[in-house]
Enquirer: 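Here it is, the structure in full.
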Amino acid sequence: PSRPRPKVILIIGGPGSGKGTQCLKIAERYGFEYVSVGELLRKKMIHNATSNRKWSLIARIITNGELAPQETTITEIKQKIMKIPEASGIVIDGFPRDVGQALSFEDQICTPDLVVFLACSNQRLKERLEKRAEQQGRPDDNPKAIDRRLTNFKQNAIPLVKYFQEKGLIVTLDADRDEEEVFCDISMTVDNKMY
Ligand code: UP5
Ligand code: MG
């Protein structure tokens, strides 16, 4: 008999809302595969920016805090998912960013089983990103790009959340709290909705 398709959880939220942090915890607790879309794009851009015109353009887009082209992003996700061997679940970090991407994901990949929105105040998002910028060197953790990422998020978040609300797929959690509290809510949600 064929295996059931892996459950798919999408984690969305502003830059610095804790998507990466919480996704790693989910992957660990549930044995799910972790796919960070931002990480996929950053790796590919670093690898290809000097030799390939398309990727040098995308590198510029991402470093400025703007969104990479939708079709490229979906293609990267598809390729990554196809390489995942056997998994009971996949947790996807930082995708979709807008309704267009959500539609195209459903069209080309699948309807997600659950979407978690990490709701975080603008002030907190900024604080966390500025702190991380001091500690690490992500190319888009510069003041101008941080501003663009926050602005783009604010523009796209409401319609995106509404879209998944209408489908009854989304749970919104208060992500202003500390990591452990947020994760406690996430695991309750996953236990309730998916098992
Ligand atoms: N931290 C985390 N949780 C905390 C908590 N509860 N309390 C206190 N501190 C907390 O966390 C950020 C920082 O805060 C860390 O230092 C952490 O320790 C601390 P993190 O878990 O890294 O938050 P995250 O939401 O993952 O923040 P990130 O900066 O990664 O969010 P972005 O959405 O900006 O980044 P992403 O990698 O998803 O996307 C980057 C870029 O890729 C986009 O801007 C875009 O250019 C491109 N992209 C696309 O074009 N299309 C896509 O579909 C996806 C990405
Ligand atoms: Mg992240």
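As the structure lists them, so they are numbered: ligands from 1, and atoms in each ligand from 1.
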Enquirer: Answer with side chain, backbone, both or neither: which part of L129 has a heavy atom less than 4.0 angstrom from an atom of ligand 1?
Expert: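 For L129, the contact with ligand 1 is made by the side chain alone.
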Enquirer: My understanding is that we take every heavy atom of each candidate and find the minimum distance to atom 33 (O) of ligand 1. Doing that for R97, R149, R138, which one comes out nearest?
Expert: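 Minimum heavy-atom distance to atom 33 (O) of ligand 1 goes to R97.
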Enquirer: Does a side-chain heavy-atom distance below 4.5 Å link D185 with R177?
Expert: yes
Enquirer: As an exercise, identify every atom of ligand 1 less than 4.0 angstrom from a heavy atom of G14.
Expert: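 In order of numbering, the contacting atoms are 25 (O).
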Enquirer: Going by the side chain to side chain contact (heavy atoms under 4.5 Å, CB included) test, name the single residue among V115, T21, I26 that passes it with I11.
Expert: I26
Enquirer: Applying a 4.0 Å heavy-atom criterion (strictly less than), which segment of Q101 is in contact with ligand 1: side chain, backbone, both, or neither?
Expert: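 For Q101, the contact with ligand 1 is made by the side chain alone.
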Enquirer: Answer with side chain, backbone, both or neither: which part of K19 has a heavy atom less than 4.0 angstrom from an atom of ligand 1?
Expert: both
Enquirer: How far is atom 13 (C) of ligand 1 from its nearest protein heavy atom, and which residue and atom name does that atom have?
Expert: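 Here the nearest protein heavy atom works out to R128 CB, 4.0 Å.
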Enquirer: Mark up the atoms of ligand 1 that fall under 4.0 Å of a heavy atom belonging to L67, in ascending order.
Expert: 45 (C), 49 (C), 50 (O)
Enquirer: Any nitrogen or oxygen of I62 lying under 3.5 Å from a nitrogen or oxygen in ligand 1? Just yes or no.
Expert: no
Enquirer: Measure D140 to ligand 1 on non-hydrogen atoms and call it side chain, backbone, both or neither using the 4.0 Å cut-off.
Expert: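 D140 to ligand 1: side-chain contact only, backbone stays beyond 4.0 Å.
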Enquirer: Students should be able to answer this: which protein heavy-atom is nearest to atom 23 (O) of ligand 1, and at what distance?
Expert: G18 N, 3.1 Å
Enquirer: Answer yes or no: are there more than 12 heavy-atom neighbours, outside E28 itself, under 6.0 Å from its atom CD?
Expert: no
Enquirer: Side chain or backbone of L41 under 4.0 Å from ligand 1, or both, or neither, by non-hydrogen atoms?
Expert: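 Under 4.0 Å from ligand 1, L41 contributes side-chain atoms alone.
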Enquirer: Look only at interatomic distance and state if G13 has a nitrogen or oxygen under 3.5 Å from any nitrogen or oxygen of ligand 1.
Expert: no
Enquirer: With heavy atoms of T21 as the reference, note each atom of ligand 1 found under 4.0 Å away.
Expert: 2 (C), 11 (O), 17 (C), 20 (P), 21 (O)
Enquirer: Which atom names give the shortest non-hydrogen contact between V182 and D174, and what distance separates them?
Expert: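 Heavy-atom minimum between the residues: CG2-O, 3.8 Å.
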Enquirer: Could you tell me whether some N/O pair between D93 and ligand 1 is separated by less than 3.5 angstrom?
Expert: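 N/O-N/O distance below 3.5 Å does not exist for this pair.
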Enquirer: Looking at I9, is its backbone amide N or carbonyl O close enough to the side chain of D113 to form a donor-acceptor pair, meaning the two atoms are under 3.5 Å apart?
Expert: no
Enquirer: Find out whether W55 and L41 are in side-chain contact, i.e. whether some heavy atom of one side chain is under 4.5 Å from a heavy atom of the other.
Expert: yes
Enquirer: Is it the case that the side chain of T151 and the backbone of D147 share a donor-acceptor pair, with hydrogens and angles ignored and the cut-off at 3.5 Å?
Expert: yes
Enquirer: Measuring from the heavy atoms of K131, does anything fall under 4.0 Å of ligand 1?
Expert: no
Enquirer: On a heavy-atom basis, which atom in E76 and which in L40 lie closest, and how many Å separate them?
Expert: O-CD1, 3.9 Å
Enquirer: Counting only nitrogen or oxygen atoms and a 3.5 angstrom limit, does D141 reach ligand 1?
Expert: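 No, D141 has no N/O under 3.5 Å of an N/O on ligand 1.
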Enquirer: Spell out, as yes or no, whether a donor-acceptor pair under 3.5 Å connects the side chain of Q22 to the backbone of E179.
Expert: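 At least one qualifying donor-acceptor pair exists.
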Enquirer: So which of E39, E130, R42 gets nearest to atom 37 (O) of ligand 1, if we judge by its closest heavy atom?
Expert: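 Nearest option to atom 37 (O) of ligand 1, by heavy atoms: R42.
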Enquirer: List ligand 1 atoms under 4.0 Å from G20, heavy atoms only on the residue side.
Expert: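 So the atoms of ligand 1 that pass are 21 (O), 24 (P), 26 (O).
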Enquirer: C23: heavy atom below 4.0 Å from ligand 1, yes or no?
Expert: no
Enquirer: Are the side chain of R124 and the backbone of D176 linked by a donor-acceptor contact shorter than 3.5 Å?
Expert: yes
Enquirer: Hey, what's the ring geometry for Y195 with Y30, parallel, tilted or perpendicular (30° and 60° as the breaks)?
Expert: parallel
Enquirer: Give yes if a backbone or side-chain nitrogen or oxygen of Q135 is under 3.5 Å from a nitrogen or oxygen of ligand 1, and no if not.
Expert: no
Enquirer: Consider every N or O of A68 and every N or O of ligand 1, then say whether any pair is closer than 3.5 Å.
Expert: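 Looking only at distances, the answer is yes, because the N/O contact criterion of under 3.5 Å is met.
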Enquirer: For the residue pair D98 / Y163, report whether a side-chain donor-acceptor contact shorter than 3.5 Å exists.
Expert: no
Enquirer: Is any N or O atom of T73, backbone or side chain, closer than 3.5 Å to an N or O atom of ligand 1?
Expert: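 No; the residue has no nitrogen or oxygen that sits under 3.5 Å from a nitrogen or oxygen of the ligand.
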Enquirer: How close do A175 and C120 get, heavy atom to heavy atom, and via which atoms?
Expert: O-SG, 3.6 Å
